[in-house]
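Shown next, in structure tokens, is the structure this report addresses.
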Number of protein chains: 2
Amino acid sequence: MAIPPEIFLLPPGGEGTLQQKIQQVVSESIVSGRCVVGERMPSTRRLAEHLNVARITVTLAYNELVANEYLTSRGRSGYYVADTAPKRPTFDPLATEAQEKVQWGKKFNQKFSAHFEISRPPNWRDYRYPFIYGQSDADLFDHRNWRACALRAVGRRDFDTLATDHYQRDDPMLVEFILRQILPRRGIAAQPQEILITMGSQNALWLVVELLLNRRRKAVIENPGYPGLRQILAPKRCAVEAIDVDHDGLPPDLIPQDADLVFTTPSHHCPTNVTMSLARRQALLDRAARDDFVIVEDDYEFELSFLKSPSPALKSLDQAGAVIYVGSFSKSVFPGLRLGYMVAPEEVIDEARALRSAVLRHPPSHVQRTAAYFLSLGHFDAQLARQSRSFSRRRTVMEACLRKHGLLNSQRGDFGGSSFWLRAPDGVDTSQLAYDLRKDSVLIEPGAAFFAPEKPDRRHYRLAYSSIPSGRIEAGIDLMAERMAATL
Amino acid sequence: MAIPPEIFLLPPGGEGTLQQKIQQVVSESIVSGRCVVGERMPSTRRLAEHLNVARITVTLAYNELVANEYLTSRGRSGYYVADTAPKRPTFDPLATEAQEKVQWGKKFNQKFSAHFEISRPPNWRDYRYPFIYGQSDADLFDHRNWRACALRAVGRRDFDTLATDHYQRDDPMLVEFILRQILPRRGIAAQPQEILITMGSQNALWLVVELLLNRRRKAVIENPGYPGLRQILAPKRCAVEAIDVDHDGLPPDLIPQDADLVFTTPSHHCPTNVTMSLARRQALLDRAARDDFVIVEDDYEFELSFLKSPSPALKSLDQAGAVIYVGSFSKSVFPGLRLGYMVAPEEVIDEARALRSAVLRHPPSHVQRTAAYFLSLGHFDAQLARQSRSFSRRRTVMEACLRKHGLLNSQRGDFGGSSFWLRAPDGVDTSQLAYDLRKDSVLIEPGAAFFAPEKPDRRHYRLAYSSIPSGRIEAGIDLMAERMAATL
């Protein structure tokens, strides 16, 4: 019996070529049991007519399905569902009483979702003026070379590396290039056993917290500061003290004596963009030695320091081994890459590696190797240079627009980065403003999420220029200024 | 001043072409500060002579370095270090007193490394007879199509997907194919919001434990069982009860009434390979409903069931929503991929997603998309078919060799999989045997790691055939039998 062509419907829109879609609907109909072993497929001519596609497209799809053992070809008599095709299991449903549903509420240790907020709408690309942070700009990305590196990384030569579990060590090629090319720019000298590759900097911060904090210990964080860190700290139920940052970064004098772990972004504070002075860095290290606390340095956006050379990392001054350094490629390559690293004394790395192994084993080998090629062939630096030039132009445009509207304030523009941190005029609630602006297709980031809950602030906001082309900046800022004026 | 060619030395061996190595040593010398802005590079002719390579190779490397902004070309006068090249930071080292080193021992919450043991030597590929489990065989992998999918996944069309953080949802294409193609084979019907993509099944198990277990709760595990699960449970300090598995899998009658979470591998028990009977599955679900515990089904190796059709998943019989299902592509695609998934009621997935976000955000987008293409184009099934045929052949060879030496016992060969689980003759300590066999270039897996510490066993061992070609099986088994005989 021949299968009627009518049972095959191509999904509208979606991913893939026509040929792929045909392969997909045929294979799905086999797996789902609608087509069974031995049945004859519609002829290529009939299916092509039914789907309104070229006959060669159907023929190519069938040939691929033969290669993948869903179909067999019996010469002139046509194509049949192969007995090697995957089957749906057949079994009799058991007669069971309808069971009571599990009550999950009382089973969870805690609600992690309570600390999980994303202010960015998932469809942010549909907005015309996305002043949002941390998403990449397809126009600035080196697609060609990334593709070349990804392709090289899946070559047969590299298969052993890709297919091997990296429990005990990460991709040696990636580790070596971080050691030889990235860390020297931060003044850091390290050994391979002092580096762990992580799933972005978020994962590095999480590992450190899990290793070193508990309910009897105290974390010190910057206020305002990175919201993702609070998402990590809240479920640990450790003491958390948020210290206000000034024009010079985190003031070491304000760190309490019972601090166990101090989180800081000295090169480029998140979100205010200020850089910690060298004197303060030294004072911070001295305090750490005196009061025996550990410092976690999130070397946030150092690679986007296009206005002046980045200052050396705090870690480069650390003689006691009290600094755990965290770096990331997510901002400068692309966010979905999820690749970062941690630099710390070997005994810390050993524990972090064992913990990482229990949680997820290791970052995928293919991603590690692709990044290693991208770095080692210089494409990463070229991309940074291109990104910096573009961000610099956008920053200049944005600065002029903000000044035009009298909105530029307290911004120390001596680093670069990818955003402005601003205080709105008196009477403006930036959370409300951000909400209202969505109607104008403008996305801004209200500052509230950066502040400790006990020190709420709805005056500040962040405007990023990493995902918006310069040509749209002025119109977007104009719309924002209009809404602000209407509020007052 | 021209830079002398002598400062450039190509690393011996290693990765990459000559041209890439030249790019790497030049860029490294710039980043490290050995070559500074404005200096003239050696001419292509002189460097080519010094390195003993073709001049065109040096020219191509220089051109790539120009494209990447390390060098500039000034026509006939040659190549110079560009002022756009990345710089090493310059700063005066601070005069600091030598500080006391941090004492890390008292800072760790606990030693995760205590639960982290890998019995496999990292250089296992150097062994001639690797009867080890879970590593892939390059000869069985579909390199061509995986490359094609990886390449497609980094195409410009897919960039938005790759470069977007998947906080709130995973790659819809991958989720859809798991729903439509993979789960139907296990008899499971699910909705997109009931699936979470994880970093392999290890990560899924970890997330479940973190959500549902604490010091006041009890986990039930199979004995023997998967060592990676004990690595997760030990740091949680929950109660753990290990129940002996018999020829029919985990006996539901032996589960204590105060169990909170029961871990099982019903389709194919790890490591004994037995399949739980349908009657027991139903009894297990009934017990879960009566005593209100949650079941975690690790659907281990179901896709390698080449001797008979896989039995439907426990999850497919679950009407109360008490089963959390865990699947993985690590065994069937390749281990370094680190891609798995969890199927559970929506409220569990919501919490797991929030927790995953704090820990690592999400599995890399590129890996999700590549796997989505590989699955949806049917290459995954083709690879499984090829793998199954090859494993079936190897299993037959191994079975004959084991029988020849009288070593085949208690093996129920009705599923397939990728290994034999065996009991050694009286008097053989398999840990010692595995150690001794390394001298013969034979790697076997002693069983001790699979047993609960309170029920030690050094009689059993696992022999896998997933990484050894059939032609080497007999000689390897002969060597093992010889060592065993010598022990007795």
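Keep in mind that this is a model prediction, so the values were computed, not measured. Proteins get letters first, then strands, A, B, ... in listed order; numbering begins at 1 in each.
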| Nearest non-hydrogen partners of H366(B) and A150(A), listed with the distance | CE1-CB, 4.3 Å
| said: Counting heavy-atom pairs under 4.5 Å with chain A, which one of R386(B), R144(B), Q23(B) comes out on top? | reply: Q23(B)
| Closest approach of G321(B) to V102(A) (non-hydrogen atoms, all atoms of both residues) | O-CG2, 3.8 Å
| For chain A, which of L384(B), V294(B), L261(B) has the most heavy-atom pairs under 4.5 Å? | V294(B)
| request: Check each atom of P345(A) against the heavy atoms of chain B and say whether the ones under 4.5 Å are side chain, backbone, both or neither. | output: side chain
| message | Which one wins on heavy-atom pair count under 4.5 Å against chain A: L65(B), L205(B), L339(B), N214(B)? | response | N214(B)
| message | Please classify the contact between A67(A) and chain B as side chain, backbone, both or neither, with a heavy-atom cut-off of under 4.5 Å. | response | backbone
| Do any N or O atoms from the side chain of R338(B) and from the backbone of R361(A) form a donor-acceptor pair under 3.5 angstrom? | no
| query | Which atoms form the tightest heavy-atom contact between P184(B) and V31(A), and what is the distance? | reply | CB-CG1, 4.4 Å
| said: Set out, in order, the CA-CA distance, both residues' side-chain angles and the distance that settles side-chain contact (heavy atoms from CB on, under 4.5 Å) for V367(B) and V367(A), then state yes or no. | reply: CA-CA 8 Å; V367(B) 173; V367(A) 172; 3.5 Å; yes
| query | N145(B), T84(B), V348(B): which one forms the most heavy-atom pairs within less than 4.5 Å of chain A? | reply | V348(B)
| said: Tell me the closest heavy-atom pair linking F112(B) and E351(A), and the distance in Å. | reply: N-OE1, 2.7 Å
| query | Do you know which of D350(B), T198(B), L213(B) has the most heavy-atom pairs with chain A at a distance under 4.5 angstrom? | reply | L213(B)
| task | Would you confirm whether N203(B), through its side chain, and V359(A), through its main-chain N or O, come within 3.5 Å as a donor-acceptor pair? | result | yes
| Salt bridge between D260(A) and K107(B), side-chain N to carboxylate O under 4.0 Å? | no
| task | Examine whether an atom of F141(B) lies under 4.5 Å from a heavy atom of chain A, and if so say whether it belongs to the side chain, the backbone or both; otherwise answer neither. | result | side chain
| query | Going from CZ on R152(A) to CZ on R147(B), what distance comes out if it is rounded to the nearest 0.5 angstrom? | reply | 10.0 Å
| request: Under the side-chain contact (heavy atoms from CB on, under 4.5 Å) rule, what do N109(A) and L211(B) come out as? Steps first, then yes or no, please. | output: CA-CA 6 Å; N109(A) 276 324; L211(B) 288 179; 5.9 Å; no
| Who wins among R217(A), Q110(A), E210(A) for the most heavy-atom pairs under 4.5 Å with chain B? | R217(A)
| query | Sub-3.5 Å donor-acceptor pair from the side chain of N68(B) to the main-chain atoms of L377(A), do we have one? | reply | yes
| task | Heavy atoms only: give me the nearest E69(B)-A385(A) pair and the separation to one decimal. | result | OE1-CB, 3.5 Å
| query | Distance from S27(A) atom OG to F177(B) atom CZ, nearest 0.5 Å? | reply | 7.0 Å
| message | Under a plain distance cut-off of 3.5 Å, with no hydrogens placed, do S357(A) and Q231(B) share a side-chain donor-acceptor pair? | response | yes
| said: Under the rule for salt bridge (charged side-chain N to carboxylate O under 4.0 Å, His left out), what residues qualify as partners of R180(A), not counting sequence neighbours? | reply: E176(A), E28(B)
| request: Report the option among D292(A), I232(A), V26(A), D142(A) that has the most heavy-atom pairs separated by less than 4.5 Å from atoms of chain B. | output: D292(A)
| note | chain B shares the most heavy-atom pairs under 4.5 Å, among K111(A), Q19(A), R389(A), Q383(A), with K111(A)
| query | V209(A) versus chain B, heavy atoms under 4.5 Å apart: side chain, backbone, both or neither? | reply | backbone
| Which bit of Q103(A) comes within less than 4.5 Å of chain B, counting heavy atoms only: side chain, backbone, both or neither? | neither
| query | Where do L212(B) and F108(A) come nearest, in terms of heavy atoms and distance? | reply | CD2-CD2, 3.8 Å
| query | Under a 4.5 Å heavy-atom cutoff, which of Q202(B), H379(B), M199(B) has the most pairs with chain A? | reply | Q202(B)
| Straight-line distance of S113(A) OG to E347(B) CD, nearest 0.5 Å | 10.5 Å
